[in-house]
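Here the structure is laid out as structure tokens; the discussion comes afterwards.
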Amino acid sequence: MHNFNSKFLASSHNRCYPFKLKPFIHCIHTSIAGSYDSTYHSNQLLNRLSKTGQIDDAQKVFDKMPQRDEYSWNTIISGYVSLGRLVEAKELFDGFSSRSSITWSSLISGYCRHGCESEAFRLFRLMRLEGHTPSQYTLGSILRMCSARGLIQNAELIHGYVVKNGFESNVYVVTGLVDTYAKCKHISEAEVLFKRLEYDKENHVLWTAMVTGYSQNGDGRKAIEFFRYMHAEGVESNQFTFPSILTACSSVSAHCFGEQVHGCIVRSGFGGNVYVQSALVDMYAKCGDFSGAKRVLETMEDDDVVSWNSMIVGCVRHNFEEEALLLFKKMHARNMKIDDYTFPSVLNSCIVGSTDAKSVHCLIIKTGFENYKLVSNALVDMYAKTGDLNCAYAVFQKMLEKDVISWTSLVTGYAQNSSHEDSVKIFCDMRIAGVRPDQVVFASILSACAELTLLEFGKQVHSDFIKSGLRSSLSVENSLVAMYAKCGCLDDADSIFVSMHVRDVITWTSLIVGYAQNGKGKESLRFYDAMVSSGTKPDFITFIGLLFACSHAGLVDDGRVYFQQMSKVYGIEPGAEHYACMIDLFGRSGKLDEAKELLNQMNVKPDATVWKALLAACRVHGNLELGERAATNLFVLEPMNAMPYVMLSNIYSAVGKWDGAAKIRKLMKSKGITKEPGCSWIEINSRVHTFISEDRGHPRAADIYSKIDEIIIRIKESGYVPDMNFSLHDMDREGKEVGLAYHSEKLAVAFGLLASPQSAPIRIFKNLRVCGDCHSAMKYISAAFNRRIILRDSNCFHHFKEGECSCGDYW
DNA sequence: ATAGGGTTAG
């Protein structure tokens with residue numbers, strides 16, 4: 001028993017070495033009385049070697065032992081487990097015939113720690129089959145894994161086991177449950193268990209789990225509230241509690257409270273803990289207090305990568321991209337470790353453009369970080385946000401393991417680059433791939449639905465969101481308000497708005513724009529007043545919505561006031577968008593001179609929308625000179641757009657210059673520009689039905705055409721007169737009337753009347769502006785058939801009801 | 001001999 005090798009002797013501490021101190025007589029006694037004593041000593045040695053990670057030496061001791069008891073086996077097995085050498089642990093486990101609950105727990109804890117879910121649960125079942133009762137250790141291990149991997153369903157099963165087997169007041173087990181529920185976003189369940197457990201100030205783990213739960217649930221306020229309560233109760237915080245509460249402070253930018261926590265840390269003596277320090281740096285940096293962050297950094301003994309990462313994130317968030325890059329370069333210069341959190345932060349500074357994205361990407365490849373999920377997610381996001389969707393997709397496709405964040409980056413990227421259809425497609429692919437959406441991707445896809453006015457799909461996403469059980473967020477609610485408003489469902493937008501506890505400038509602006517688009521400009525202005533009284537400051541986009549509202553409601557004086565207000569009161573310089581609204585406003589109300597004056601005053605370059613507004617005004621008021629100027633500019637800005645040609649030609653016709661009109665049409669033809677055909681569509685039972693003028697391609701064309709005949713007869717009875725000005729064809733009166741009757745929007749409404757229930761509103765979409773005759777017909781139809789018709793054309797919404805339209809015939 | 005809580009990324 002003394003022939004250990006020299007390596008072992010050298011590595012052991014002699015004063016703990018039991019054998020040398022044992023009197024000789026003991027050895028003799030041992031050899032006579034059997035191996036009890038020798039086993040005891042060997043076990044002690046085994047334990048020490050296992051615990052210090054010298055597992056190979058422990059194995060040698062174990063091999064040489066003449067007699068091994070349960071303790072020996074369990075010790076060596078747990079030694080392998082703690083080093084993560086599960087294969088060896090399992091081999092020993094299989095070779096040990098009198099396994100106990102401890103043996104099982106040891107091995108299970110190993111699989112749990114290394115995230116081998118299925119193996120852990122398999123052993124958990126087998127253990128019970130072999131007649132061993134899981135202990136608080138077994139349950140604790142399993143719950144820790146559930147918590148780390150978000151296995152809420154498994155945790156609920158374990159919860160059932162806990163109740164049935166009398167572990168309900170076991171501190172370790174219940175703390176594990178609280179932690180799991182809190183981390184898996186079931187915070188109310190965690191609260192119930194927390195309250196039910198015996199009040200114990202010393203159970204720091206439990207209290208900390210609650211703080212972390214609130215913080216990680218995205219509820220920094222509640223975390224701070226709980227921490228206050230905890231403090232008031234005299235429960236002490238430790239090196240685990242402080243980082244958690246500081247994260248909560250960062251998330252809600254609670255700088256002042258963060259400083260108070262810093263005070264507690266200094267008094268507590270945990271100020272030297274690197275987790276606490278890095279959390280402090282993070283809190284200060286995220287709150288924009290860089291001198292505070294630097295003060296903490298300077299007290300730290302070593303360069304800490306986490307703290308530096310936090311500094312970079314802080315710089316990027318406060319728009320100091322140059323400094324972020326400088327910090328990154330310093331990390332290099334100091335030869336610091338760089339980890340998979342460093343690159344995502346640096347890549348964020350590429351989005352604003354101060355850093356060359358390609359060179360960072362190269363560095364990522366060179367340093368071998370491209371296979372890290374965080375890094376490749378950030379690459380996808382960066383390329384998507386900078387508009388390089390091909391690169392974004394290429395990185396995405398190369399990823400071995402895509403998570404909800406990878407998908408979200410792509411969905412958001414396509415949406416932000418106006419590829420809303422692709423964004424919807426990718427969202428569907430994500431669902432097919434079985435990835436569960438989170439709040440961020442829900443907000444993103446709902447915005448895409450708003451832009452596409454995809455009401456039915458948007459409603460499905462909304463109910464999906466409710467069913468997901470995810471907590472609502474400001475951005476989800478904002479997207480819902482925008483989606484319903486943009487889809488013409490003002491009541492739904494309203495009820496979301498009313499239910500919101502927190503609103504920001506985006507919420508109000510969505511509503512202002514939504515009401516304006518739906519022909520309710522006056523309500524838009526009311527919302528603006530309410531917004532200002534609530535203390536929310538309007539921004540650049542709010543004023544676009546506001547001026548848009550004025551122009552669509554013909555509120556010239558209000559428009560003038562707001563236009564002045566935006567620069568004088570709020571210091572927002574008008575952009576081309578604002579000028580376009582103002583010119584539109586003046587143009588529609590016949591104030592062409594003022595429109596022209598404003599155009600000449602512009603201190604930004606007029607864009608296409610400005611010229612379009614002006615051209616439309618010239619068309620209405622027959623101003624050829626200004627119209628020519630507007631059209632000529634549009635020919636350059638949008639060379640393939642037929643609209644300016646058609647408009648200009650119409651202006652020529654209106655002032656009797658027929659050859660001028662013919663010349664423009666010829667020019668248009670010679671350039672190969674064709675007018676976009678009018679197209680209307682309607683969604684019935686999740687299917688989109690599309691119609692173009694005089695279209696007979698629909699399977700129910702015969703029904704639709706006889707329905708139109710019925711419609712025309714009925715509305716003529718109540719006073720409808722076809723307006724031939726909107727007829728395209730050179731035909732006799734009767735031929736023109738027939739052509740008018742089969743415009744795409746009339747085909748769509750006829751189909752809507754046939755295929756939807758009496759009480760349902762009919763929602764029609766049109767790619768161009770609604771024609772004047774169809775607009776008039778829709779009013780009569782809404783009265784004669786007692787139906788609400790909502791028509792979204794390329795410009796705005798028309799809500800037809802009882803013979804009236806929301807636009808007041810002004811559009 | 002077996003168990004529980006913490007920082008940085010969208």
Side-chain angles (χ1 to χ4, degrees), chain A residues 43 46-47 50-51 69-79 81-82 100-110 112-113 134-144 147 170-180 182-183 203-213 215-216 237-247 250 270 273-283 285-286 304-314 339-348 372-375 377-378 380-382 384-385 403-409 412-413 438 440-441 444:
Chain A
N43 277 345
L46 254 186
N47 180 21
S50 288
K51 280 224 168 116
D69 61 10
E70 196 196 320
Y71 187 100
S72 330
W73 284 93
N74 287 339
T75 308
I76 187 87
I77 288 173
S78 83
V81 164
S82 63
S100 71
S101 172
I102 293 171
T103 331
W104 283 94
S105 294
S106 293
L107 194 65
I108 289 175
S109 84
C112 287
R113 256 182 276 169
S135 65
Q136 58 180 15
Y137 296 98
T138 332
L139 296 169
S141 293
I142 297 264
L143 283 170
R144 185 184 124 100
S147 158
N170 183 293
V171 178
Y172 288 102
V173 175
V174 177
T175 301
L177 277 172
V178 168
D179 175 59
T180 312
K183 285 237 176 56
N203 190 354
H204 295 121
V205 181
L206 178 65
W207 292 82
T208 303
M210 289 302 288
V211 177
T212 314
S215 173
Q216 293 190 352
S237 294
N238 60 16
Q239 73 275 31
F240 294 102
T241 329
F242 287 127
S244 233
I245 187 61
L246 286 168
T247 314
S250 309
F270 285 109
N273 180 287
V274 67
Y275 283 91
V276 175
Q277 290 170 324
S278 60
L280 273 170
V281 171
D282 179 61
M283 184 276 292
K286 284 229 179 85
D304 171 50
V305 61
V306 175
S307 304
W308 282 68
N309 289 347
S310 289
M311 286 296 282
I312 294 178
V313 175
D339 68 7
D340 49 337
Y341 283 85
T342 317
F343 281 114
S345 318
V346 175
L347 283 168
N348 271 330
Y372 283 69
K373 205 161 71 175
L374 294 184
V375 178
N377 274 350
V380 173
D381 187 60
M382 185 273 296
K385 284 225 174 79
D403 64 6
V404 65
I405 294 172
S406 337
W407 288 95
T408 306
S409 300
T412 313
D438 67 3
V440 183
V441 76
S444 211

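Just so it is clear, the structure is predicted and the values come from calculations on it, not from any experiment. Chain letters run A, B, ... following the sequence lines, proteins first, then strands; residues in each count from 1.
Residue A:Glu70 is in base contact, counting any heavy-atom pair closer than 4.0 Å across all strands shown. Using a 4.0 Å heavy-atom cutoff across all strands shown, A:Asn43 reaches no nucleic acid atom at all. A:Asp403 comes within 4.0 angstrom of nothing in the nucleic acid, heavy atoms only. Contacts of A:Asp438 with the nucleic acid, taken as non-hydrogen atoms under 4.0 Å apart, include base atoms. Among the heavy atoms of the strands lying under 4.0 Å from A:Thr175 is at least one base atom, whether or not backbone atoms are also near. A:Asn377 comes within 4.0 angstrom of nothing in the nucleic acid, heavy atoms only. Nucleic acid contact class of A:Val306 (heavy atoms, under 4.0 Å, all strands): base. Contact annotation for A:Ser409: no contact, since no heavy-atom pair falls under 4.0 Å across all strands. Within 4.0 Å (heavy atoms only), A:Asn47 reaches sugar-phosphate atoms of the nucleic acid but no base atom.
Applying the side-chain contact (heavy atoms from CB on, under 4.5 Å) criterion to A:Thr103, with sequence neighbours excluded, gives A:Asn74, A:Ile77, A:Phe93, A:Phe96, A:Arg99, A:Ser100.
With hydrogens and angles ignored, the 3.5 Å screen pairs no side-chain donor or acceptor of A:Ser50 with any backbone N or O of A:Asn47.
Residues A:Ser72 and A:Asp69 have side chains that bring a donor and an acceptor to within less than 3.5 angstrom of each other. Between the side chains of A:Ser215 and A:Thr212, no donor-acceptor pair of N or O atoms lies under 3.5 Å. No side-chain N or O of A:Ser278 forms a donor-acceptor pair with one of A:Ser307 less than 3.5 Å apart.
Side-chain contact between A:Tyr71 and A:Thr75 is present, with heavy atoms from C-beta onward closer than 4.5 Å.
Taking every nucleotide of DNA chain B with any atom under 4.0 Å from a non-hydrogen atom of chain A, the first and last of them, 5' to 3', are B:dA1 to B:dG10.
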